[in-house]
Amino acid sequence: METEKKSRLRKFWESISIVLRSPTAAVGLAIVLFWVFVAIFAPLLAPHDPLAQDASAINQGPSPTYPLGTDNLGRDILSRLIYGSRVILILAPVSVLASVIVGTVLGLVGGYFGGIVDEIVMRILDAVMAFPTILLYLIIIAAIGPSPLNVVLAITFVGAPGIARLVRGLTLDIRTRDYIRAAEARGESALYIMFVEILPNARGPLIIDALLRVGYAIFAIGTLGFLGLGLPPPTPDWGGMISEARKYIWTNPLGVLWPALAIASLVVGLNLFADGLREETMRYQ
Amino acid sequence: MARYILRRLGFMLLTMFLVSIAVFLISEVAPGDVARHILGQFATPEQVELLRDQMGLDEPLYVRYFDWLIGNDWRLRRLVGMPLKQVLIPGRADAEWYAIAPDGTMLQWKMKQEGLVEIRVTPDGERTEVLFDGWLVDENGEEYFWGVDTAGHVVLWKKGEAGREVGPASAGRAMIEASGVEYYPIRRGLLRGDPGISFRTNRPVGPTLARRLRNSLSLAGIAFVVIMPIALVLGVLAGLREGSPLDRTISLFSLITTSVPEFASGVFLILVFAFWLKVLPGAAVFPDDTAPLQNPKLLILPVLTLTLVEVGYVARMTRASMAEVMNAPYIRTAFLKGLPYWRIVFKHALRNALIAPITVIMLHVNWLVGGIVVVESVFGYPGLGMYLLDSALFKDINAIEAGAMVMVALAVGSQLVADIIYTFLNPRIRYT
């Protein structure tokens, strides 16, 4: 028991050190960890209440009280950025997790049962994938209204087909292995075979794919916020902050710069990390 | 090959059909009422009810869907008893609906102070108005008449009944005409080339959509011409020597520019070029309906934004493909034969290496469309994306449906083109 735990820990450290061997991945991880730190300790780091309005300081540049300036309602941009990292760092993984769950189930079912089930599932997913992504977002959010749940739903709907295809491909391959035949000979149920025998063996590519998708999800949440389809105000939402500050770019140009820098750095960090991870694991294999 | 293309075209039509149903269903369950939206929050329930009737929103869902798809003039002509025709009178902006009398005179009716007036337009354009007296009598002894009004509705008028009392109309629409008892908007249907009237602008969707599509296609076309050479050259240079400092630099650069969302890179570009350097306009607002190509300066920043995001993606694809080809046995053979380096690259490697990126690029149109919506929004560019975004936020179903059809046709059509190009580039592939 003790040795198993130890070897697991060592394995974890080994994989971390593999990733850190690539400088770009290390930089990416550092950026992501910075934002995770900011999100966790938001109440301690934020100098002001992100929703508090100061009528005497509207659209101001940086000052000692407001280090990054204020927005059009006199709210502290730094505090809104700090709390905005919480929103995005919760929503993005949750929506990726949701699309991984939906996509995995569809892919396992289609790949394991094959035949007409597979055909139906794949045709529906093809139709969804033929849709321009942005149109799906527009229609879903415009129809059901902006809210955190709906953002997650929209991203799940758009992301699940890709994951389902990946899992289906892996399942088709794994299904032919001897241990699956052994499990079938033992009389295991289809559910057991799909989730206990196949899924753990498909985990590697799935995790890398999911990591890359967190970057896309942040990209998508930012885009939705920017288009006015994200979180309803006054929630501090980076995309929404940019589209608001965009209107006052001539009076307060820095107001639009900070949230744009924040979201750009977070997506770049995540993608650097995921890309380095993918490259290193490929070399490792 | 021909059969394959036909089957794919069939699949495209099927997808468009399913999408159109899905959009109708989704907007049906969506909260909010577009009639209330148009009239504003101070309109009375009677006014909202009347506008819903005039827009045909009180019909059952399937009737509205088929009216949208194949039109309803063939159904409504039975009520009027005369053929209905859409005619563009010279000097008017939009085509109007008329009932065509047996002698070719075009007829419309309008309720005025003195009663129902018949407007007659002869084929040579002569316009006369006479007081109407052709009322019919129903089984209850009430005098009624089904006619065509001046705003494209088939209307049931009853004599002595001025319709519903709805009070003065509020903001939104200048006036709600309320003389009739029942209204049906006349439509020719999408399949017959009429996407309907936009609820948001009260103008036909078709011409607006065509103009917006032209603007978006010019933006996308220019961006494509800028992106492709840069991306292919960068990708080939990086892929030629995998792992070299040049490769590392290009790969890192493309990963970063691709990761930055369009709205963020657009904002950076506006700040640098429009705000601090003051060399380019920060918004692409056209003074009138001039084509974007006549104002090239306005296009620079939107194209640059799209380029930043897309170049990296295409360059990475090209790099991966080029690196794979450079490691292939036949390239090593060519080197061992002692062929000159550039000859190997151009004659042997490039042709095989470019197959993958070119198809990937066509499949990438979906992504590009999304990028264009955001870029249009950043710069206020009057394109298809902005039109769709505004329509979706307004629940303008005719405009959403028409825009969605165009987008799906573009997306599925470009995939088909990609597959066809692929068969030409790669003779090993045969579709049947």
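Quick note on labels: first sequence line is chain A, next is B, and so on, each numbered from 1.
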Is [X] in contact with chain B via its backbone, its side chain, both, or neither, using a 4.5 Å heavy-atom distance?
X      : result
A:I218 : neither
A:D275 : side chain
A:T24  : side chain
A:L272 : both

Quick test of your reading: applying salt bridge (charged side-chain N to carboxylate O under 4.0 Å, His left out), list the pairs with at least one residue in residues 78-92 of chain A, sequence neighbours left out, ordered by first then second residue. A:D71-A:R80
Quick one: what part of [X] sits under 4.5 Å from any heavy atom of chain A, side chain, backbone, both or neither?
X      : value
B:F394 : neither
B:A22  : neither
B:L389 : both
B:T15  : side chain

If you count heavy-atom pairs under 4.5 Å with chain A, which of B:V23, B:I400, B:I270 comes out on top?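 The residue among B:V23, B:I400, B:I270 with the greatest pair count is B:I270.
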When B:L18, B:L410, B:V378, B:L14 are compared by non-hydrogen pairs under 4.5 Å with chain A, the top option: B:V378
Among residues 255-265 of chain B, which ones touch chain A with a heavy-atom distance under 4.5 Å? B:L255, B:I256, B:T258, B:S259, B:V260, B:P261, B:E262, B:F263, B:A264
Between the CD1 atom in A:I249 and the CG atom in B:L271, the distance rounded to the nearest 0.5 Å is 4.5 Å
Working to the nearest 0.5 angstrom, can you tell me the gap between A:L257 CG and B:F275 CZ? 11.0 Å
Could you check whether atom [atom1] of [X] has more than 12 heavy atoms from other residues, nucleotides or ligands sitting under 6.0 Å from it?
X      : atom1 : result
B:F24  : CZ    : yes
B:F268 : CZ    : yes
A:Y83  : OH    : yes

A:R246 side-chain N/O to B:V267 backbone N/O, donor-acceptor pair under 3.5 Å: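 No; zero donor-acceptor contacts below 3.5 Å.
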With sequence neighbours excluded, tell me which residues meet side chain to side chain contact (heavy atoms under 4.5 Å, CB included) with A:N150. A:I141, A:I144, A:S147, A:L153
Can you tell which of A:L254, A:L229, A:I263 has the highest number of heavy-atom pairs within less than 4.5 Å of chain B?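 Between A:L254, A:L229, A:I263, the count favours A:I263.
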Partner residues of A:Y137 under the ring pair (Phe, Tyr, Trp, His ring centres under 6.0 Å) criterion, sequence neighbours left out: none
